[in-house]
Each structure stands twice: as structure tokens, then as C-alpha cells.
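Take a look at the structure below.
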Amino acid sequence: MDTISKEDIRKPENIVYKRTELLTDKVMSYCPGCGHGTAHRIIMEVLEEMGIQDKTIGIAPVGCSVLAYEFMNIDMQQAAHGRAPALATAVKRLNPDKFVFTYQGDGDLAAIGTAETIHACNRGENIVIIFINNGIYGMTGGQMAPTTLEGMKSSTSPYGRDIKSMGNPIKMTELVAQLPGTIYVTRQAVHTPANVRKAKKAVRKAFENQKLNKGLSFVEIVSNCNSGWKMTPNQANQWMVDNMFPFYPLGDIKVNED
Amino acid sequence: MAKVKGDIVIDIEKCKGCQVCMPACPNDVIGVSKNVNGKGYNYVETVNEECIGCANCAVVCPDGVITVYRKRIE
């Protein structure tokens, strides 16, 4: 066993895992340890496995992932702040044979884009919404978002979010699960290998659902924002497990029978 | 029993040194380098030969910089 050299192992036929070709060679603009990179990668891996790269149109949001079209090697369009589901509706209605998805953060989807999100879900548009929830406005400097937890510190709630004066955090995923237009609603995370694999299965199911033309698939990915939370990436992941998951429990909320 | 031996190749120029891969590794193969890359990050590197090619590190890597190889040894 000790005789084998690294050159013998590092051969193309022995590759178990490599970065998907559907991600461009650009270095992602996200902070070290940010869940956005993993989320981008699992979406692109699903598209590669399904072989629908040339039939998919993505909608980029405003937020940290505003430059998603720089990293995803597919056709993409960038929407005005919060309007990604409205744009996706138009794209899907004009191109019914294409696969359309939006990729949005919580500031985009749960704050300025609440109306578009809820009505797209209620109309049951045949699109996929990927919702990255990190409980904060990451790009603009860690301000309080609608999804910020009670007592959570941010740059605009330095003493922690006070429910009486600042309102309750909003559970968008549970909200849209009640609407008849959605067929698949789930919440996942990407901080451990097991969770990444589960999240990938959920994204795969969401894209498979688009062929059924029965409604909207909504995948929330609870993510970290280590620079906004002022922690190291691994501390932020642990904080997410201890604090985010009790309020945003992982798992399927609404599942369709194929 | 056939044994497997793995190896990982890290693209050190793209690695941001977030260290999310380190707790994911079952055999503590990955450690932080004392050197920095072109962007000033302390990238990660392999520190021992215990890799089994499970690909856990590559699956959690946010920037997808890890390529995993695995070979069965008869």
C-alpha cells in the first residue's frame, strides 16, 4: 500500500469529484466561507446532470449574488431589486419549453420583493425559486433584514432585534407553502457535506418538477454570512446550527407526489 | 479487503482559506499553510497521507477549488 505514488493516484480516470464545467473560471466575489458559492455549485451540478445547460435561463437578483451571471455559465438576466419572480414569469411565459429559475437572497425576496414573490407563488408560475436566507443584508454592510432573528445583532440593530419596535422575523418558506400555487417547498442548508448532498437533491427535484407544469418549486437554503455576523466561517456555521435552525427548521414543508 | 487511497489537489490561487473543509475531513488531512497566495489568503494544503478520497472537502468547498482522486489498491 505504501508503494503507490501520488502521480499514480492523480490520473483522470481516478477523479471522484471536480469543479463543474458550468461554473466559469472566475474567482467568486463572495467572502471566504460564504454559502453562496456552494449554492451556485449545486445548482450548476444539477443542470449538468440533467443536461439542460442550453435550455435554462437564470434570473440574478440584487444583493451579494448580483453578479451570479458572471459565475454561472448559462443564459442569465439580471432583474431590478426584488423583481426576479416577475421577470421569471415573463421569461417562462414567453419560453415555455425553457427551464427558468431565480436566485435570490433574503433582502431581495423577503423585503422589497415580497409582493412579487407571493404573487408569483400564488399564480403558480412554473419556475424554480432558490432563496438564500442568511438573516442579514450582506452586501450593504450587515443591516437588519426581515429575516433577522429576535435578539440578533446587526449594524442597524446593535443591541439585538427588539420585537416590539422592529417586528417579527418572517418565515417566507412557511408563508408560501400555504399558497395553492406552490407544489414543492423545502428548506435546506449547505454547511456540511451531508446537508450539501440533501440540498442538491432538493434542487434536482425542483427542476424535475418544472417539467410537470403544476406549479412553483421553492427551495430555501439557510446560509451563513460570516462577515456580516462578525465571525470566522466555521464559527458562523456553528452559530447558524445553534440559532438559525431552531427558528428555521430544515426539511420539506410541502412535497408533491410526482 | 481492497483498500482505497485518495488524494486531493487544491487550486491554491483560488482558495480563500475559509477552512470550512477542515471539519468536514474525517482523517484531518487538510491544514492551513503558513504561506499566502496572490490574494493574501493563507490557503489550505494536505498535511498527511491519510486521504481516502471521500470528497467531503470538495463538496463543502464554497469556491470549488478541490479536485478529488481515488484509486483502489489490490
Side-chain angles (χ1 to χ4, degrees), chain A residues 1-42 44-45 71 189-200 223-224 226-227 231-238 241, chain B residues 1-32 36-46 48-74:
Chain A
M1 177 164 176
D2 298 319
T3 54
I4 190 158
S5 70
K6 287 201 166 180
E7 283 66 36
D8 281 338
I9 304 174
R10 290 181 188 176
K11 282 180 180 167
E13 66 265 24
N14 294 336
I15 286 184
V16 204
Y17 192 97
K18 70 192 263 278
R19 186 185 162 100
T20 168
E21 302 283 321
L22 266 63
L23 285 172
T24 58
D25 285 335
K26 282 193 179 144
V27 178
M28 292 193 203
S29 53
Y30 306 119
C31 305
C34 177
H36 269 307
T38 320
H40 279 26
R41 188 160 44 78
I42 58 175
M44 292 300 110
E45 283 173 3
F71 314 125
V190 290
H191 65 299
T192 64
N195 285 100
V196 175
R197 292 189 172 105
K198 273 189 209 163
K200 192 175 158 185
S223 179
N224 60 8
N226 47 71
S227 46
M231 296 175 195
T232 68
N234 282 323
Q235 280 172 348
N237 281 340
Q238 190 55 46
V241 172
Chain B
M1 196 180 100
K3 287 181 176 170
V4 289
K5 185 122 176 71
D7 194 19
I8 57 173
V9 176
I10 299 164
D11 184 347
I12 59 169
E13 273 309 310
K14 282 188 184 161
C15 177
K16 293 175 183 164
C18 69
Q19 303 169 26
V20 172
C21 49
M22 287 168 61
C25 180
N27 288 350
D28 300 325
V29 174
I30 304 172
V32 186
V36 294
N37 62 16
K39 291 205 165 185
Y41 293 119
N42 286 84
Y43 53 85
V44 293
E45 59 186 6
T46 53
N48 62 39
E49 307 292 319
E50 304 291 313
C51 180
I52 52 169
C54 67
N56 274 1
C57 53
V59 168
V60 288
C61 176
D63 293 276
V65 302
I66 304 177
T67 308
V68 186
Y69 299 86
R70 182 168 55 204
K71 191 176 167 71
R72 288 172 73 90
I73 299 165
E74 307 307 328

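The chains referred to below are lettered A, B, ... by the order of the sequence lines, with proteins before strands, and numbering in each begins at 1. Nothing here was measured: the structure is a model prediction, and the numbers come from that model.
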Which one wins on heavy-atom pair count under 4.5 Å against chain A: [options]?
options                    : answer
B/C61, B/A58, B/G6         : B/A58
B/D11, B/T67, B/N56        : B/N56
B/E49, B/Q19, B/R70, B/K39 : B/R70

**Q.** Donor-acceptor pair, side chain of A/T20 and main chain of A/L23, under 3.5 angstrom
**A.**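 Side chain of A/T20 to backbone of A/L23, a donor-acceptor pair under 3.5 Å: no, none is there.
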Q: Flag the pair B/K16 and B/D63 as a salt bridge only when some basic side-chain nitrogen lies within less than 4.0 angstrom of an acidic carboxylate oxygen.
A: yes
Less than 4.5 Å to any heavy atom of chain B: does that hold for the side chain of [X], its backbone, both, or neither?
X      : result
A/H191 : backbone
A/D25  : both
A/K200 : neither
A/R41  : side chain

**Q.** Contact class of B/C57 relative to chain A, heavy atoms under 4.5 angstrom
**A.** neither
Q) Does B/E13 CD have over 12 foreign heavy atoms under 6.0 Å away? A) yes
Q: Determine which residues belonging to residues 20-28 of chain B lie within contact range of chain A, meaning some heavy atom pair is under 4.5 Å apart, and list them by number or answer 'none'.
A: B/V20, B/P23, B/A24
